[in-house]
Amino acid sequence: MRLFPAAFALTLLASPLFAQQATVSGTDGNNNALGTVPCAAPGNALQNCHAELRRKEDGGVTLAVQIPGGDVRRIYFEDGKPTSSSSPTPISHEVQGGIMRIFIEPGEVFEVPADAVKPQ
């Protein structure tokens with residue numbers, strides 16, 4: 001599989017007022033994305049974190065997010081749902097108003113547009 005440099009931005013606003021207004025603009029032909037997503041480390045408030053979304057040929061999606069503190073958390077999706085991450089701890093999620101909130105114990109939180117991780 002050949003991955004091309006992403007050429008569009010995935011941006012979410014962390015404000016509760018705008019939490020349901022996710023935007024995806026541009027495309028590189030593979031629907032890969034660079035940008036920011038709201039994320040939080042355990043015990044911290046949401047903040048914009050650098051992120052890269054990569055689609056695989058088999059329909060899977062990987063979201064890599066630089067979490068506060070500098071580590072990169074990878075979240076793996078199948079059929080539009082997070083199935084695992086680069087953390088050995090449990091992962092869960094909820095979808096509300098088009099926003100998927102992903103929870104990785106003991107307290108990491110990520111928000112992405114649910115449509116962004118759906119298979120194409």
Taking every non-hydrogen atom, the tightest pair across Leu63 and Ala51: CD1-CB, 4.2 Å
Spacing of Gln66 atom CD and Thr36 atom OG1 [to the nearest 0.5 Å]: 12.0 Å
Path from Ile104 to Val95 over hydrophobic side-chain contacts below 4.5 Å: yes
Arg73 side chain reached by Ser86 side chain, heavy atoms, under 4.5 Å: yes
Straight-line distance of His50 NE2 to Cys39 SG, nearest 0.5 Å: 10.0 Å
Joint cluster assignment, Tyr76 & Val37, ILVMFWY side-chain distance < 4.5 Å: no
Residue pair Ile99 / Pro113: nearest heavy atoms and the distance that separates them: CD1-CA, 4.5 Å
Partner set under salt bridge (Lys or Arg N to Asp or Glu O under 4.0 Å) for Asp79, not counting sequence neighbours: none
4.5 Å side-chain heavy-atom contact, Leu53 and Val112: no
Rounded distance [0.5 Å steps], NE2 in His93 versus CD in Glu111: 14.0 Å
Nearest-0.5 Å distance that lies between atom NZ in Lys56 and atom CD in Glu78: 7.0 Å
Closest heavy-atom pair and its distance - Ala45, Ala40: O-CB, 3.7 Å
Sub-4.5 Å side-chain heavy-atom contact between Arg55 and Asn32: yes
Pair Ser87, Ser85: side-chain N/O donor-acceptor within cut-off below 3.5 Å: no
Closest heavy-atom pair and its distance - Pro119, Gly80: CD-N, 3.6 Å
Contact check, side chains of Phe103 and Glu94, non-hydrogen atoms, under 4.5 Å: yes
Heavy-atom closest pair, residues Val65 and Cys49: CG1-CB, 3.7 Å
Any Met100 side-chain heavy atom under 4.5 Å of Phe77 side chain: yes
Shortest non-hydrogen contact from Ile75 toward Ile91: CG2-CD1, 3.9 Å
